[in-house]
Amino acid sequence: MIDRKELRVNAAAMEQALSKRGEKAVNASSAWGVALSLDEKQRLLKTEAESLQAERNRVSKIIGQKKATGEDASAELHSMGDVGKRAKVLDAEAKEAEAAFAMTLLEIPNIPHASVPEGKDENDNEEIRVWGNPRHDEVPAHWDIGESLGIIDFDAGTKLAGSRFSVLRGAGARLERALIQFMLDKHADVNGYDEVWVPAIANRKTMTGTGQLPKFEEDLYALTGEDAFLIPTAEVPVTNLYQDMILDASQLPIKHCAYTACFRREAGSAGRDTRGIIRQHQFDKVELVQLVQPENALTALDELLSHAVSILESLNLPYRLVNLCAGDLGFSAEKTFDLEVWLPSQNTYREISSCSSFGQFQGRRAGIRVRDDQGKPQAVATINGSGLAVGRTMVAILENYWQKDGSVKIPEALQSYMGGMTAITPKVTA
RNA sequence: GGAGAGAUGGCUGAGUGGCUGAAAGCGCACCCCUGCUAAGGGUGUAUAGGUUUAACCCUAUCGAGGGUUCGAAUCCCUCUCUCUCCGCCA
């Protein structure tokens with residue numbers, strides 16, 4: 001959520017910065033476009049309502065005093081007439097206007113940071129570096145590797161739940177678990193994160209705190225009979241751990257890592273990545289979350305990014321680092337780096353981690369604050385990123401570690417997590 | 001699932017219609033006192049919004065939402081959550 005005071009005091013500069021996301025972010029029908037007038041209206045009504053309330057309170061106080069001393073208060077009582085009623089009506093109007101304004105505010109995307117490159121879509125993203133030695137020989141797609149090794153069962157997933165679900169078997173299931181464990185250990189023991197385990201269901205308020213709601217409800221799985229949803233990322237519960245709290249400066253930075261399953265309806269991606277496990281309705285992810293002082297946001301983003309990178313490098317997976325342009329930036333992010341892993345079967349890099357700074361955007365929405373030097377509360381900055389998406393990491397391992405004999409080597413760093421296994425080989429059918 | 005009790009500031013905890021944004025204690029901050037320490041004394045200590053150069057001031061908030069009333073932390077209704085007992089259960 002953008003700062004409502006900024007909106008009023010600095011509208012022109014804000015609009016300029018916001019327009020980096022594209023004209024549609026600031027045109028007349030955009031949330032931004034209507035916010036200014038709604039704010040004006042809201043404040044006007046509020047001022048009016050408050051002055052009537054003040055009058056009501058003043059006279060009521062006198063009545064109370066007179067009654068206490070046994071004086072006659074009928075003049076005051078009479079003069080009040082329907083003031084109380086009118087005050088309530090005005091207050092209701094003011095509240096309605098405030099709610100409309102607040103709702104609009106919630107639909108305005110974050111303002112891109114000045115360091116975010118200009119651009120319309122993913123084609124304008126800025127490649128920062130590439131790492132590793134991508135292989136360019138013929139490699140089967142991970143779904144073929146997975147099926148021939150008998151470790152990914154797509155039919156079973158479809159039967160049980162529908163399209164975009166799968167079942168992992170044997171070494172595949174073990175590899176999923178090994179990856180989770182490996183990533184968590186690294187982040188908790190080496191990178192300095194406090195591990196947390198959180199619910200996979202979040203209520204509406206929590207979903208609003210991190211920005212999934214109100215705008216993206218159709219991307220979420222909603223529970224029947226409850227105002228709650230399956231989480232699309234651990235970012236939601238982990239960040240909201242501090243919802244409506246005023247933190248002491250000495251508590252920062254707060255760094256958490258968490259493993260959760262993630263659930264996404266993929267409403268807007270029909271037809272994309274329909275084969276394989278790149279885009280599933282349910283997937284595992286180890287997430288990194290930091291809460292920091294606003295002035296430290298970008299430094300923290302660099303640090304968190306290096307932690308995600310450390311997983312890729314210790315698995316020796318070739319990747320490239322991309323700085324997202326303004327047009328490709330997510331709703332809540334002020335700046336995002338994507339890590340893309342090399343997939344030889346597709347001869348391209350595919351996103352495996354997205355590391356973002358949200359500035360104070362989520363802090364304002366979720367009511368997470370920290371006291372500044374003067375002791376005044378201000379919204380914290382939040383940073384998060386995947387470290388990493390587990391399913392996609394498995395895809396990358398299957399393809400990058402695939403051997404001509406059809407087997408897949410286990411990366412050295414994972415072998416101890418796989419009970420000493422050094423390769424997954426096709427099952428010998430009797 | 002059944003029965004009952006409860007939700008007040010950073011914490012504990014008073015408060016059943018009026019001067020209570022809220023007693024008291026604890027904690028915290030600053031000051032005083034005191035060879036040091038300990039003990040003691042004093043002052044201050046919620047959040048958001050509006051107005052303002054600032055102070056003052058005004059409004060809202062005692063789990064959430066609605067209602068009664070000139071006036072609600074206090075009365076009524078609905079919801080959420082917590083606790084206790086019983087039942088069930090991985």
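The chains referred to below are lettered A, B, ... by the order of the sequence lines, with proteins before strands, and numbering in each begins at 1.
- Between B/G50 and B/U45, the distance separating the two P atoms is 23 Å to the nearest Å.
- Applying the ring pair (Phe, Tyr, Trp, His ring centres under 6.0 Å) rule to A/Tyr259 yields no partners; only residues at least two apart in sequence or on another chain are considered.
- For the P atoms, the distance linking B/C76 with B/A55 amounts to 42 Å, nearest Å.
- Between B/A5 and B/C57, the two P atoms lie 43 Å apart (nearest whole Å).
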Derivation of the side chain to side chain contact (heavy atoms under 4.5 Å, CB included) call for A/Ile368 and A/Met245 | CA-CA 5 Å; A/Ile368 309 172; A/Met245 286 176 77; 5.6 Å; no
Given the rule in the ring-ring contact (aromatic ring centres under 6.0 Å, His included) test, do A/Phe216 and A/Phe331 qualify, once you have shown the distances and angles that lead to the verdict?
-> CA-CA 10 Å; A/Phe216 307 104; A/Phe331 175 80; 5.3 Å; yes
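- B/C89 sits 42 Å from B/G15 when the C1' atoms are compared, rounded to a whole Å.
- Identified under the side chain to side chain donor-acceptor pair (under 3.5 Å) test for residues 151-165 of chain A, with sequence neighbours left out: A/Asp153-A/Arg169.
- Counting any heavy atom pair closer than 4.0 Å across all strands shown, A/Asn57 reaches sugar-phosphate atoms only and no base atom.
- Counting non-hydrogen atoms under 4.0 angstrom, A/Arg8 reaches the backbone sugars and phosphates but no base.
- Counting heavy-atom neighbours within 6.0 Å of A/Glu412 CD, excluding the residue itself, gives a total of 12 or less.
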A/Asp219 and A/Arg264: CA distance, side-chain angles, deciding distance, side chain to side chain contact (heavy atoms under 4.5 Å, CB included) verdict = CA-CA 6 Å; A/Asp219 294 334; A/Arg264 299 185 183 179; over 6 Å; no
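- When the P atom is used for both B/G71 and B/A60, the distance is 12 Å, rounded to whole Å.
- With P as the reference atom, B/U16 and B/G6 are 14 Å apart, rounded to whole Å.
- Along RNA chain B, the stretch of nucleotides lying under 4.0 Å from any heavy atom of chain A spans, 5' to 3', B/G18 to B/G71.
- A 4.5 Å side-chain heavy-atom check between A/Ile111 and A/Met14 finds at least one atom pair inside the cut-off.
- Helical stems involving RNA chain B, defined as 3 or more consecutive Watson-Crick or G-U pairs under 3.5 Å, span B:1-7 with B:80-86, B:10-12 with B:24-26, B:27-32 with B:40-45, B:46-50 with B:57-61, B:63-67 with B:75-79.
- Taking the centre and axis of the six-membered ring of A/Tyr401, the NZ or CZ atom of A/Lys409 falls outside the cone set by 45° and 6.0 Å.
- With both ends at atom P, the span from B/A22 to B/C62 equals 14 Å, rounded to whole Å.
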Does the salt bridge (charged side-chain N to carboxylate O under 4.0 Å, His left out) test come out yes or no for A/Arg265 and A/Glu218, once each step is laid out?
-> CA-CA 8 Å; A/Arg265 294 189 56 211; A/Glu218 70 279 2; over 6 Å; no
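- Taken residue by residue, residues 92-111 of chain A places no heavy atom nearer than 4.0 Å to RNA chain B.
- Between A/Arg350 atom CZ and A/Arg392 atom CZ the span is 6.0 Å, to the nearest 0.5 Å.
- With ring centers used as reference points, A/Tyr193 lies 6.0 Å or more from A/His256.
- Within residues 62-70 of chain A, the residues approached by RNA chain B to less than 4.0 Å at the level of any non-hydrogen atom are A/Ile63, A/Gly64, A/Gln65, A/Lys67, A/Ala68, in residue-number order.
- For the pair A/Met80 and A/Ser51, nearest-nucleotide mapping onto RNA chain B gives the more 5' position to A/Ser51.
- Aromatic ring centres of A/Phe182 and A/His187: separated by at least 6.0 Å.
- With a 6.0 Å radius and a threshold of 12 heavy atoms from other residues, nucleotides or ligands, A/Gln16 has its CD atom at or below the threshold.
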Evaluate the side chain to side chain contact (heavy atoms under 4.5 Å, CB included) criterion for residues A/Leu317 and A/Ile311: first the C-alpha distance (whole Å), next the side-chain angles of each, then the deciding distance (0.1 Å), finally the verdict.
-> CA-CA 9 Å; A/Leu317 292 169; A/Ile311 302 293; over 6 Å; no
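- Between the C1' atoms of B/G13 and B/G18, the separation comes to 24 Å (whole Å).
- In this structure, A/Leu77 and A/Arg58 both approach RNA chain B, and ranking their closest nucleotides by distance from the 5' end singles out A/Arg58.
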